[in-house]
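Since the model is a prediction, treat every value here as computed from it, not as a measurement. Protein chains get the first letters and strands the later ones, always in sequence-line order, with residue 1 at the start of each.
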Number of protein chains: 4
Amino acid sequence: MLNRIILIGRLTKDPELRYTPNGKAVAGFTLAVDRPYKNQQGERETDFINIVVWGKQAENCANYLSKGKLAAVDGSLRIRSFEGQDGQRHWVAEVLAETVRFLSPKDKNDTGVEEMGTLIDFTDDDIPF
Amino acid sequence: MLNRIILIGRLTKDPELRYTPNGKAVAGFTLAVDRPYKNQQGERETDFINIVVWGKQAENCANYLSKGKLAAVDGSLRIRSFEGQDGQRHWVAEVLAETVRFLSPKDKNDTGVEEMGTLIDFTDDDIPF
Amino acid sequence: MLNRIILIGRLTKDPELRYTPNGKAVAGFTLAVDRPYKNQQGERETDFINIVVWGKQAENCANYLSKGKLAAVDGSLRIRSFEGQDGQRHWVAEVLAETVRFLSPKDKNDTGVEEMGTLIDFTDDDIPF
Amino acid sequence: MLNRIILIGRLTKDPELRYTPNGKAVAGFTLAVDRPYKNQQGERETDFINIVVWGKQAENCANYLSKGKLAAVDGSLRIRSFEGQDGQRHWVAEVLAETVRFLSPKDKNDTGVEEMGTLIDFTDDDIPF
DNA sequence: TTTT
DNA sequence: TTTT
């Protein structure tokens, strides 16, 4: 019915870019997202969350993101079921990104932010009321 | 850079449906969203938030939503500037809905939920990794 | 850094309520969240997402939610690692709910919505600017 | 019922820090949030969104944020009504921040991210199922 | 200009 | 009353 997730974190590795048989680009990477509080042992914990992104944005991610870079993801949570090597059914969570934003400055002498448009292009007519 | 808002509330009136000169449908309505806590006077407060939705979803809202109905909106916050009747510049906030969900059962003998697809149709190829 | 997820779906079973050794209530349930689009075979898919909620809200969920009821969850995504029965390390995703809203009318003759306050209580002083 | 907004943008000015009569800190600032697409004139538009944040986080914002800095805000949208200088009732939108994240590196030779914990501290007991 |  |  409604499924919306927003994450900010750092890439654990460079993105992996693949193409489907029909030539559509798809990129995958993992985001390390620190929890805001410390646990009972006084240590900060981190969730490692798999991200999948399609099309032009996948190629942009492969070009502009790399290990350690800060990124924001806006998408939805998918629970994918797959057959394990043990013949068992397993589930894996991944975030299907609708939008990815690049939050790390391009280089150390630059405070700018590499940005990426969404692929969805709303028409911005005047509203008649 | 990133602008995402999710609301659940009740319509204060029936939606208004208009068409732009180029024939594009646009609907507007106000959502009454109760705050989760009481204020110092012990009363529950409410935010009245204007929603704008375009295209096929606008027509669906006009058909399926009405005063008092419960709805969820997923979209972005816009601050629109306009010239007041006093010649002054004013600002108004409104939510541009990307998705609207109808949460009120169709009728009293039904617990189902009227649902509306998004207009954006992701392709769901197999992920090659 | 930032981890926010909002879901609307139906419970696949009644919530399970437990207590930790130190007497803290915790409830678990699974939400069936339909995807907004159909897949290539023309069928609607569903994500089954595990929810965990603590404290007073856990007890409210156990009292007011049951199989098939519609609920909204606002929380964060956790990836928990555990030792499988096969001695292997596995990961499971779950949503730690900060807020749960009950969206199903109490009974068929009622269009009202059972609501639950958040546990977090902001003070609502006047803003001095 | 549910009111959640997540924004990433840049401060248009330094934050303003005030204290209520009862000594509670409150900070206000405006976030410039670029829209992801260009309008019909081919220009990128921006929403200027007022943020309010209370308590310890208000003081952290005053200390670590300044004009031009990148920040993420997670909170709720409030529509506040006030008496205009013309005796008229007006409405203003503002975001009550629950969490603010500082996304600009501390200085040019540092890619780190200044971070701020939430004030809300979940207990992280083991989940008994 | 406000809904249950 | 606007940021990069």
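Nucleotide E:dT2 holds its P atom 16 Å from the CZ atom of B:Arg35, rounded to whole Å. Going from atom CG of D:Leu70 over to atom C1' of F:dT3 covers 10 Å, rounded to whole Å. One can place CZ of D:Arg78 at 17 Å from C1' of E:dT2, the figure rounded to the nearest angstrom. Going from atom CG of B:Leu2 over to atom P of F:dT4 covers 20 Å, rounded to whole Å. Summarising the geometry, the separation between CG on B:Asn50 and P on E:dT1 is reported as 13 Å, rounded to the nearest angstrom. Atom NZ in B:Lys13 sits roughly 12 Å away from atom C1' in E:dT3 (whole-Å rounding). One atom, CG of D:Leu31, and another, P of F:dT1, lie 19 Å apart when rounded to the nearest Å. For the pair D:Asp34 CG and F:dT2 P, the computed distance is 15 Å after rounding to whole Å.
Backbone-only engagement by D:Lys67 is indicated by non-hydrogen atom pairs under 4.0 Å involving sugar-phosphate atoms exclusively.
Between the side chains of C:Glu59 and C:Tyr64, no donor N or O sits under 3.5 Å from an acceptor N or O. Side-chain contact check for B:Thr46 and B:Asp34: at least one donor-acceptor pair (N or O, by modelled atom type) lies under 3.5 Å.
Candidate nucleotides E:dT2, E:dT3, F:dT3 were compared by shortest atom distance to the side chain of B:Thr30, and E:dT2 ranks first. Residue B:Trp91 places its side chain closer to F:dT2 than to any other of F:dT2, E:dT3, E:dT2.
Here B:Asp74 pairs with A:Arg4 in a salt bridge; the nearest charged N to carboxylate O distance falls below 4.0 Å. D:Glu94 and D:Arg78 are not joined by a salt bridge, as no carboxylate oxygen comes within less than 4.0 angstrom of a charged side-chain nitrogen.
The base of E:dT3 is paired with the side chain of B:Thr46 by a donor and an acceptor separated by under 3.5 Å.
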